[in-house]
*Asks:* 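Sharing a structure here in structure tokens format.
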Protein chains: 2
Amino acid sequence: MKIDKGLIGGSTILLILTLLSEKDYYGYEIIKTLEEQSDSTFQFKEGSLYPVLHRMENEGFVVSYREKSESGKERKYYQITPLGQEQLAEEKEQWLVFSRAVNKIALGNEFGLAGA
Amino acid sequence: MKIDKGLIGGSTILLILTLLSEKDYYGYEIIKTLEEQSDSTFQFKEGSLYPVLHRMENEGFVVSYREKSESGKERKYYQITPLGQEQLAEEKEQWLVFSRAVNKIALGNEFGLAGA
DNA sequence: TGACGTACATAGATAATCTATGTATAATGC
DNA sequence: GCATTATACATAGATTATCTATGTACGTCA
């Protein structure tokens, strides 16, 4: 199933910051990891992800550094900052409030229990 | 808490069609109902909602008719169509898949159980 | 009579993403 | 040896979406 873009857009930063709170990732790795962990629900294209990462760096949520992989290809790694940690907490809270509200109205379910 | 616009945008049609699947609503009533049922999580402005309703009518998800209220004010009621019913089912399914994927990654929870 | 709530509508600014394209190297298959 | 695919970055431009601001109009209440 193709998920509507509008739905995905609002959660992109939450998803990226979640990954980065565990370890440093490079852009391409984020795309592959989100695709795998979501069972292909999320299939970001480079053109969608890289500008978001640049914006996040601009806003101080992440910092980046370049490093060569074993294969010799250069990668640009992103690391979450304390400000990014705060943002992550904020976005997670917003997601909870938001998804609970949608579930209540659209599924008639106050507790955010989706489909269980 | 102010919920990010991006998050809300993708679910607008799902929410509206859910209400309309129960009874006919007029625009202003949709705004008030979503605000009330979501404990003020959703606070749509007219400028945001009316263009969406017009678009939905354009796409055949709803039809509209005008009717005077007891007070004499004219209202424009929206009614869901069979195509709108299909769209509602589709959007509900998408919401389930999407929210489950976000919950799995961001909350480490495979079943979409948010905060319980 | 003035303020507020109801009820509709749209123009224009703003913001966001996606499509398409480009570069470059490594690995794989034939 | 050569072509294709995967990896890995980047950006311009088109498209699309929403929000802000504004306008109209009527009813009600103080």
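Each chain gets a letter, A, B and so on, in the order the sequences are listed, and its residues count up from 1.
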*Asks:* Find which nucleotide of DNA chain D each of A/Y26 and B/K45 is nearest to by heavy atoms, and output the residue with the more 5' nucleotide.
*Replies:* A/Y26
*Asks:* Please report, rounded to the nearest Å, how far the P atom of C/dT6 is from the OH atom of B/Y25.
*Replies:* 16 Å
*Asks:* Just to be sure I understand the rule, does A/E29 reach a base, reach only the sugar-phosphate, or reach nothing, if contact means heavy atoms closer than 4.0 Å?
*Replies:* nothing
*Asks:* Does a nitrogen or oxygen in the side chain of A/H54 sit under 4.0 Å from OP1 or OP2 of D/dT11?
*Replies:* yes
*Asks:* Measure from CZ on A/R55 to C1' on C/dA15 and round the result to the nearest Å.
*Replies:* 9 Å
*Asks:* Can you tell me how far P of C/dA15 sits from CG of B/D4, to the nearest Å?
*Replies:* 13 Å
*Asks:* Step by step, work out the side-chain contact (heavy atoms from CB on, under 4.5 Å) result for A/L17 and A/M56.
*Replies:* CA-CA 10 Å; A/L17 287 178; A/M56 288 171 69; 3.4 Å; yes
*Asks:* Using whole Å, what does the distance between atom P of nucleotide C/dC18 and atom CD of A/Q43 come to?
*Replies:* 12 Å
*Asks:* Can you check the B/E67 CD to C/dC8 P distance for me, whole Å?
*Replies:* 12 Å
*Asks:* Check the distance between C/dC8's P and B/E46's CD and give it to me in whole angstrom.
*Replies:* 9 Å
*Asks:* A side-chain contact here means heavy atoms from C-beta on lying under 4.5 Å apart; do B/F61 and B/L88 qualify?
*Replies:* no
*Asks:* Can you tell me how far P of C/dT17 sits from CG of A/L53, to the nearest Å?
*Replies:* 11 Å
*Asks:* Does the Lys NZ or Arg CZ of B/K76 fall within the cation-pi geometry relative to B/Y78 - under 6.0 Å from the ring centre and within 45° of the axis?
*Replies:* no
*Asks:* Within the pair A/Y50 and D/dC9, is there a side-chain N or O less than 4.0 Å away from OP1 or OP2?
*Replies:* yes
*Asks:* Show the numbers, then the answer: is there a side-chain contact (heavy atoms from CB on, under 4.5 Å) between A/I8 and A/F44?
*Replies:* CA-CA 10 Å; A/I8 294 176; A/F44 288 96; 3.7 Å; yes
*Asks:* Nearest to the side chain of A/K73, which nucleotide is it out of C/dT10, C/dT6, C/dA26?
*Replies:* C/dA26
*Asks:* Output yes when at least one side-chain N/O atom of B/Y28 is less than 4.0 Å from OP1 or OP2 of C/dT6, else no.
*Replies:* yes
*Asks:* For B/E90, which of B/Q87, B/K92, B/Q94 qualifies under side-chain hydrogen bond (donor to acceptor under 3.5 Å, both in side chains)?
*Replies:* B/Q94
*Asks:* In whole angstrom, what separates A/I8's CD1 from C/dA16's P?
*Replies:* 17 Å
*Asks:* Using a 4.0 Å heavy-atom cut-off, does A/G27 contact any base of the nucleic acid, only the sugar-phosphate backbone, or nothing at all?
*Replies:* sugar-phosphate
*Asks:* Within the 4.0 Å heavy-atom criterion, would you say B/K76 contacts the bases, only the backbone, or no part of the nucleic acid?
*Replies:* sugar-phosphate
*Asks:* Does B/S48 have a side-chain nitrogen or oxygen under 4.0 Å from the phosphate oxygens OP1 or OP2 of D/dC19?
*Replies:* yes
*Asks:* Between A/R66 and D/dA10, is there a side-chain N or O to OP1/OP2 distance below 4.0 Å?
*Replies:* yes
